[in-house]
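These notes are about the structure you will find just below.
All heavy atoms count here, side chains included; hydrogens, waters and symmetry mates do not. Lettering follows sequence order; numbering is per chain, from 1.
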Number of protein chains: 2
Amino acid sequence: MLQTTTAAATRHVPMPLPAREADAHRETARAIGATLELLRAHLEPQRRLLHAGDPVYQAGERFQMLHVLNAGFVKIVNLAADGREQVAGLKFRGDWIGLDGIADGRYTCDAIAMDTTEVWSFRYDALIAACAREPALLRVLHEAMSREIARDRDSMMSLCTLPADARVAEFLRFWVDSLARRGLRTDQITLRMTRAEIGNYLGMTLETVSRALSKLARENVIGFAGSARRDILVHDAHALAGAAQRPLAAAAMLQ
Amino acid sequence: MLQTTTAAATRHVPMPLPAREADAHRETARAIGATLELLRAHLEPQRRLLHAGDPVYQAGERFQMLHVLNAGFVKIVNLAADGREQVAGLKFRGDWIGLDGIADGRYTCDAIAMDTTEVWSFRYDALIAACAREPALLRVLHEAMSREIARDRDSMMSLCTLPADARVAEFLRFWVDSLARRGLRTDQITLRMTRAEIGNYLGMTLETVSRALSKLARENVIGFAGSARRDILVHDAHALAGAAQRPLAAAAMLQ
DNA sequence: CGTTCGATTGAGGAAGATCAATTAATGTGG
DNA sequence: CCACATTAATTGATCTTCCTCAATCGAACG
């Protein structure tokens, strides 16, 4: 089997109290602001305003630019040669997009705005040149790439080890957390994806997403605002995190 | 089901010419050699020889070094706070590991040798300093990170859109392709993972992996060498790719 | 030479997919 | 402003895939 004990023990930090959590959120917001400021100071970002459905870039397009979101939401859509496609990531303010294009000089996925969105774009070569003058720029770029790698692994783990209900809860938790870190309101969130898109992202059908959301609402973890059921009331973010891990807790009970 | 027809159909899909494919493989092998040479020329890699089961690094450990495989095989094992763990990646000669640690100054996963393995390790700060003197170094680093991001997305897509049998075929195809690109033999490969580990990596149980392999053997796409069924004979790598996409072809037929 | 571990295979069950019907919301053209 | 078409979401019924549980077998190892 896989050896679990040592690393799990050493890795984990003392309990994150709510205050701690709020600190972490403030710190993230500060870091995002600082990064954007740094970029603005050393490069001339080309600013673009996009509307829901507009592509930032598309798969196959020649890679020249990297992009950072200054506002809005973007989905990353991966497509296979045979036509399968999947929402492979969600991006928020401060996130970098287009990093996948560096390797082969072409973007390997679509990046689509999910709402009114402002992106700052830089030529990759100009960025590298600027990094030579300002090492802090290189640090933030590497941090962004590193974070994306770590994040993708966590997504894979959710897909592989959590049952459908928990994946939906985890998805909401991630969305809420992403908003909180950017200082946006989280008591009521607007999902900018259809049930079908959420299902595609989470590896399940739209019916399963719908049932999972209904169940969370029945358990009063979330609620629906308005009759268009895209606006979701998050009564208790911690309950969401709990719902995401409930099946694990249940499994542990049986030991 | 309708195997015989679809299998035959997928087999004669107009493949990128074998010659093309061989070119791509040679190019990859050349690039890996060049990267290792570049690293050796500009840094003093600390070489380490590891044996199966030895960690290159572990989750939670302080990040200081990046590592490149010069020989052998490494698995990346991600672990969640609640104890879930998953094989999240497989690494071969020329691959970089530890990139996930840059963001927060700590590794977020374990990297474990799956066989006798030689890793070259560099201090991250020394590497960055060297990049300033030699831009080609920065290029290969960025390319490695970019490739990993793109690759992880493809893995996610396999997990989400392919049924179990196809995921196993795709896993073997990936392994064979990785070996081919490094100039290693691919007619017979030794899986360095138990069925349980493969299943963990692919998001299924060990029994499902076993059944999928048996089925591929029954269809003569693969064979078993020796009675310890870890050595696998790959009769036709293209047939493997076909098996990975068969379910899609079948679905398209029904339209 | 027994013990343990990994792999295979079968039988039964459960999670989630598929199919289908209904409702609500949104948009369109008259 | 209203009939009408279209799209999204919900919910139920059924079916399939894959998981769970269990038995067996071979190989490796002390």
Side-chain angles (χ1 to χ4, degrees), chain A residues 1-3 52-53 84 86-87 114 158-169 171-172 190-218 222-232 246-248 250-251 254-255, chain B residues 1-3 52-53 84 87 114 158-169 171-172 190-219 222-232 246-248 250-251 254-255:
Chain A
M1 280 274 104
L2 308 172
Q3 43 274 38
R84 279 142 55 217
Q86 196 211 357
V87 177
M114 303 170 70
S158 290
L159 286 174
C160 281
T161 65
L162 294 182
D165 285 359
R167 291 214 292 280
V168 172
F171 162 76
L172 291 176
T190 300
L191 296 183
R192 282 155 179 91
M193 314 165 74
T194 65
R195 303 289 191 260
E197 276 181 310
I198 298 171
N200 176 288
Y201 178 49
L202 298 176
M204 66 188 72
T205 60
L206 65 97
E207 292 93 334
T208 303
V209 174
S210 180
R211 281 185 246 268
L213 288 173
S214 297
K215 190 169 165 213
L216 286 171
R218 243 188 340 266
I222 62 169
F224 292 104
S227 47
R229 316 194 97 202
R230 278 204 189 181
D231 289 351
I232 290 190
R246 197 176 310 157
L248 283 312
L254 299 181
Q255 294 305 330
Chain B
M1 304 270 265
L2 48 160
Q3 275 97 333
R84 277 143 55 218
V87 177
M114 303 168 69
S158 290
L159 287 174
C160 281
T161 65
L162 294 181
D165 285 358
R167 291 213 293 278
V168 173
F171 163 75
L172 290 177
T190 300
L191 296 183
R192 282 156 180 89
M193 313 166 74
T194 65
R195 302 291 190 259
E197 276 181 311
I198 297 171
N200 176 286
Y201 178 49
L202 298 176
M204 66 189 71
T205 61
L206 66 97
E207 292 93 334
T208 302
V209 175
S210 180
R211 280 186 247 268
L213 288 173
S214 296
K215 191 171 164 211
L216 286 172
R218 235 176 359 254
E219 291 164 345
I222 62 170
F224 292 105
S227 45
R229 315 194 99 203
R230 276 202 188 183
D231 288 352
I232 290 189
R246 197 178 308 159
L248 283 311
L254 299 182
Q255 294 306 328

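- Listed candidates were dT8(C), dC19(D), dA17(C). Nearest to the side chain of M204(B) is dC19(D).
- Sorted by first then second residue, the salt bridge (Lys or Arg N to Asp or Glu O under 4.0 Å) pairs that include residues 158-167 of chain B, not counting sequence neighbours, are D165(B)-K215(B).
- Atom CG of D231(B) and atom P of dA27(D) are 13 Å apart (whole Å).
- Counting only heavy atoms from C-beta on, T194(A) has its side chain closest to dA9(D) among dA9(D), dG16(C), dC18(D).
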Verdict with reasoning, E207(B) to R195(B), per side-chain contact (heavy atoms from CB on, under 4.5 Å): CA-CA 8 Å; E207(B) 292 93 334; R195(B) 302 291 190 259; over 6 Å; no
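- Spacing between atom CE of M193(B) and atom P of dG6(C) amounts to 13 Å, rounded to whole angstrom units.
- L206(A) comes within 4.0 angstrom of a nucleotide base, judged by non-hydrogen atoms across all strands.
- In this entry the distance linking CZ of R230(B) with P of dA28(D) reads 11 Å, nearest Å.
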Short heteroatom pairs, N/O only, protein and nucleotides 19-26 of chain C, under 3.5 Å:
unit_1: dC19(C); atom_1: N4; unit_2: E207(A); atom_2: OE2; d: 3.0
unit_1: dA25(C); atom_1: OP1; unit_2: S227(A); atom_2: OG; d: 2.4

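- The distance between atom NZ of K215(B) and atom C1' of dT9(C), rounded to the nearest whole Å, is 15 Å.
- In this structure, I198(A) places its CD1 atom 12 Å from P of dA8(D), rounding to the nearest Å.
- A straight line from CG of N200(B) to C1' of dG6(C) spans 16 Å, rounded to a whole angstrom.
- Here T205(A) lies in heavy-atom contact (under 4.0 Å) with a base.
- Regarding D165(A), its CG atom lies at a distance of 11 Å from the P atom of dA17(C), rounded to whole Å.
- Between the CZ atom of R195(B) and the P atom of dC19(D) there is a distance of 16 Å, rounded to whole Å.
- Looking only at side-chain heavy atoms (C-beta outward), V168(A) and I198(A) stay at 4.5 Å or farther from each other.
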task: For R84(A) and L162(B), run side-chain contact (heavy atoms from CB on, under 4.5 Å): C-alpha distance rounded to whole Å, both residues' side-chain angles, the deciding distance at 0.1 Å, then the answer.
output: CA-CA 10 Å; R84(A) 279 142 55 217; L162(B) 294 181; 3.8 Å; yes
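- A distance-only check finds a donor-acceptor pair linking the side chain of N200(B) to the backbone of V87(B) [under 3.5 Å].
- Counting non-hydrogen atoms under 4.0 angstrom, G203(B) reaches the backbone sugars and phosphates but no base.
- Listed pair T208(B) / dC18(D) fails the phosphate criterion, with no side-chain N or O lying under 4.0 Å from OP1 or OP2.
- Remark: the backbone N or O of S210(B) is paired with a side-chain donor or acceptor of S214(B) at under 3.5 angstrom.
- Between S214(B) and dT9(C), a side-chain N or O to OP1/OP2 separation shorter than 4.0 Å is present.
- For R229(A) and dA9(D), the shortest distance from a side-chain N or O to OP1 or OP2 is not below 4.0 Å.
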